[in-house]
Amino acid sequence: MSNLTSSIQISQKSTYHLNNGTQIPVIGFGCYQIPLEKTKDAVYTALKEGYRHIDSAVAYRNEREAAQGIAEFLKDHPDVHREHIWFTTKIADSEHGYEETKQSVERISQRVKEYISHVDLVLIHSPLSNREKRLGTWKALQEYVQNPSNPVLHIRSLGVSNYGIAHLEELLNWDGLLVNPVVDQLEFHPWLPRLKLREYLVKHHILAEAYSPLTRGRKFDDPDLAEMEKKYKISKAEILLKWSFLQGFVVLVKSENPERIKSNLNALSANEHDKVDLDEEIVTKLDKPASNLVLTWNGRDLTALE
Ligand SMILES: NC(=O)C1=CN([C@@H]2O[C@H](COP(=O)(O)OP(=O)(O)OC[C@H]3O[C@@H](n4cnc5c(N)ncnc54)[C@H](OP(=O)(O)O)[C@@H]3O)[C@@H](O)[C@H]2O)C=CC1
Ligand SMILES: O=C1Nc2ccccc2C1=O
């Protein structure tokens, strides 16, 4: 059975401590599939509404526009500083390997450095290559972290995404490991709770980030969810986001609609003394410890790859 917590003390401004001493905002704004021409404004709107964490990737092709949104917001809000905003990007699968990753980071730098001074977190987007390529990627990335004044790009933290236990074991047991992963970014929602992998992450002090917390809308026709929305007068999106926060995840949510960008923040209170809570009946109904429904990556569970 999963952890059936129905209340947790976090708000919109909360951060979680990572294993390298940095602090990551608990809610992140996802940029996957936001069209180029809309990304700068969407990121600006998200920051204006209160998000302080932006999640992009080389594969999304909108890192530059996301960084522009951050820079423009900072210019218009002198009370907010670069250090208050977290920016994540991810190395694409086709760029795995030591040399390929160095070139990838140079290209990331060309896209974002003009707008933001550093990148808070770089992830390996997925384990989709092989041992040699994945470890070569890590070897290249950790050199940037270890030498913050390198001329290419200041990268503060490293993490992985879509990594299962075998991929994490490969990395953590590698004799070249100098910088530990701080997070594993994974698809999580009530239909994909990944309990065993989460136990492993907790044991190794790696924080779980939840992507596709709204199931990309694909489970909005679930009868239980419809019933809960009606009975408790709380939207399906808010129920799913609150479920995700109650699991202790950093939660990444995407919208390109200004109203939904704003309303998704309502899953958390603006008041730091308030809590996130859900009625225990909802938490119990959403508990599906044995469910294993993968909705992204064409239904392929990358964590299960050899
Ligand atoms: N590492 C990885 O492999 C992956 C990482 N991610 C990251 O996680 C982020 C979030 O995941 P994502 O897959 O985008 O899916 P989400 O679960 O965040 O769902 C996004 C979808 O839900 C819609 N939506 C947003 N808010 C609401 C709402 N309040 N009510 C109804 N519908 C809503 C959006 O439409 P609209 O825009 O019109 O509001 C969009 O279609 C990504 O953007 C990306 O940054 C995602 C997938 C894989
Ligand atoms: O970030 C991503 N979101 C996705 C959704 C479906 C398939 C791949 C991806 C990503 O890489």
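For reference, positions follow the sequence shown, starting with 1. Atoms within a ligand are numbered from 1 in the order they appear, just like the ligands themselves.
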>> So, 4.0 Å and heavy atoms of Tyr60: is ligand 2 close enough to count as a contact?
In response: yes
>> Show the atoms of ligand 1 that are less than 4.0 angstrom away from any heavy atom in Val253.
In response: 18 (O)
> Which protein heavy atom lies closest to atom 11 (O) of ligand 2, and at what distance to 0.1 Å?
Replying inline: His125 NE2, 2.8 Å
> Nearest protein heavy atom to atom 31 (C) of ligand 1, by residue and atom, and its distance?
Replying inline: Phe220 CE2, 3.4 Å
> When you look for heavy atoms under 4.0 Å from ligand 1, do you find them on the side chain of Ile34, its backbone, both, or neither?
Replying inline: neither
>> Among all protein heavy atoms in this structure, tell me which lies nearest to atom 7 (C) of ligand 2, with the distance rounded to 0.1 Å.
In response: Trp297 N, 3.2 Å
> Would His84 and Phe73 count as a ring pair (Phe, Tyr, Trp, His ring centres under 6.0 Å) if you check the C-alpha gap in whole Å, the side-chain angles of each, and the deciding distance to 0.1 Å?
Replying inline: CA-CA 12 Å; His84 300 138; Phe73 177 81; over 10 Å; no
>> Show me which atoms of ligand 1 lie under 4.0 Å from any heavy atom of His125.
In response: 1 (N), 2 (C), 3 (O)
> Is the Lys NZ or Arg CZ of Lys139 less than 6.0 Å from the centre of Tyr98's six-membered ring, within 45° of the axis?
Replying inline: yes
> Which residue and non-hydrogen atom of the protein lie closest to atom 34 (C) of ligand 1, and at what distance in Å?
Replying inline: Lys254 O, 3.7 Å
> Side chain, backbone, both or neither: which part of Asn264 has a heavy atom under 4.0 Å from ligand 1?
Replying inline: side chain
> Got the closest protein heavy atom to atom 16 (P) of ligand 1, with its distance?
Replying inline: Ser212 CA, 3.8 Å
>> Main chain of Leu47, side chain of Arg52: is a donor-acceptor contact present, judged purely on distance under 3.5 Å?
In response: yes
> Can you list the atoms of ligand 1 that are under 4.0 Å from a heavy atom of Gln185?
Replying inline: 1 (N), 2 (C), 4 (C), 5 (C), 6 (N), 7 (C)
> So is Tyr60 close enough to ligand 1, meaning a heavy atom under 4.0 angstrom away?
Replying inline: yes
> Within 45 degrees of the axis of the six-membered ring of Tyr211 and under 6.0 Å from its centre: does Lys254 put its NZ or CZ there?
Replying inline: no
> Honestly, is Arg198 close enough over Phe188, meaning NZ or CZ under 6.0 Å from the six-membered ring centre and within 45° of the axis?
Replying inline: yes
> Under a 4.0 Å heavy-atom limit, does Arg216 contact ligand 1 with its side chain, its backbone, both, or neither?
Replying inline: both
> Looking only at protein heavy atoms, which one is nearest to atom 8 (O) of ligand 1, and how far off is it?
Replying inline: Tyr211 CB, 3.2 Å
> Judging by distance only, is a nitrogen or oxygen of Tyr32 under 3.5 angstrom from one on ligand 1?
Replying inline: yes
>> Below 4.0 Å, non-hydrogen atoms only: which portion of Cys31 touches ligand 1? Side chain, backbone, both or neither.
In response: backbone
> Does a salt bridge link Asp279 with Lys285, judged by any charged N lying under 4.0 Å from a carboxylate O?
Replying inline: no
>> Within the 3.5 Å criterion, strictly below it, is a donor on Ser11 or Asn271 matched to an acceptor on the partner's side chain?
In response: no
> Going by atom types alone, do Tyr200 and Glu169 pair a side-chain donor with an acceptor below 3.5 Å?
Replying inline: yes
> Which bit of Ser255 is near ligand 1, meaning a heavy atom under 4.0 Å away: side chain, backbone, both or neither?
Replying inline: both
>> Can you name the atoms of ligand 1, numbered from 1 with element, that are less than 4.0 Å from a heavy atom of Asp55?
In response: 7 (C), 44 (C), 45 (O)
> Between Asp120 and Arg82, does a side chain to side chain contact (heavy atoms under 4.5 Å, CB included) hold up when you go through it step by step?
Replying inline: CA-CA 10 Å; Asp120 295 278; Arg82 172 68 189 90; 2.9 Å; yes
> Is Arg131 reaching over with its side chain to a backbone N or O of Arg134, donor-acceptor style, under 3.5 angstrom?
Replying inline: no
> Going by atom types alone, do Thr39 and Glu65 pair a side-chain donor with an acceptor below 3.5 Å?
Replying inline: no
>> Test your reading of the model: is there a side-chain donor-acceptor pair from Thr22 to the backbone of Leu18, 3.5 Å cut-off?
In response: no
>> I need the contact type for Gln33 against ligand 2. Using non-hydrogen atoms and a strict under-4.0 Å cut-off, is it side chain, backbone, both or neither?
In response: neither
> Just heavy atoms, cut-off under 4.0 Å: does Tyr32 contact ligand 2 by side chain, backbone, both, or neither?
Replying inline: side chain
> Roughly how far apart are Gln68 CD and Glu114 CD, rounded to 0.5 Å?
Replying inline: 7.5 Å
>> Give the atom numbers and elements of ligand 1 that come within less than 4.0 Å of a heavy atom of Pro213.
In response: 17 (O), 18 (O)
> Taking NZ, NE, NH1 and NH2 as the nitrogens, is one of them in Lys242 or Glu238 under 4.0 Å from a carboxylate oxygen of the other?
Replying inline: yes
> Hey, which atoms in ligand 1 end up nearer than 4.0 Å to a heavy atom of Trp297?
Replying inline: 3 (O)
>> Polar contacts were defined as any N/O atom of the residue lying under 3.5 Å from an N/O atom of the ligand; does this apply to Thr296 and ligand 1?
In response: no
> Less than 4.0 Å between a side-chain N and a carboxylate O, is that true for Asp55 and Lys90?
Replying inline: yes
> When Ser126 is tested against each of Asp93, Asn162, Thr303 for side-chain hydrogen bond (donor to acceptor under 3.5 Å, both in side chains), which residue passes?
Replying inline: Asp93
> Mind checking whether His118 and His154 have parallel, tilted or perpendicular rings, split at 30° and 60°?
Replying inline: tilted
>> Could you tell me, atom by atom, which parts of ligand 1 come under 4.0 Å of a heavy atom of Thr215?
In response: 17 (O)
>> Please work out, at 4.0 Å between heavy atoms, whether the side chain, the backbone, both, or neither of Ala237 comes within that distance of ligand 1.
In response: side chain
>> Test your reading of the structure: does Arg260 have an N or O sitting under 3.5 Å from an N or O of ligand 1?
In response: yes
> For Lys90, is at least one N or O under 3.5 Å away from an N or O on ligand 1?
Replying inline: no
> Below 3.5 angstrom, do we get any N/O pair linking Leu214 and ligand 1?
Replying inline: yes
>> I need the atoms of ligand 1 closer than 4.0 Å to a non-hydrogen atom of Gly30, numbered in the order shown.
In response: 9 (C), 42 (C), 43 (O), 45 (O)
> What residue and atom, counting heavy atoms only, is the protein's closest point to atom 10 (C) of ligand 1, and at what distance?
Replying inline: Leu252 O, 3.3 Å
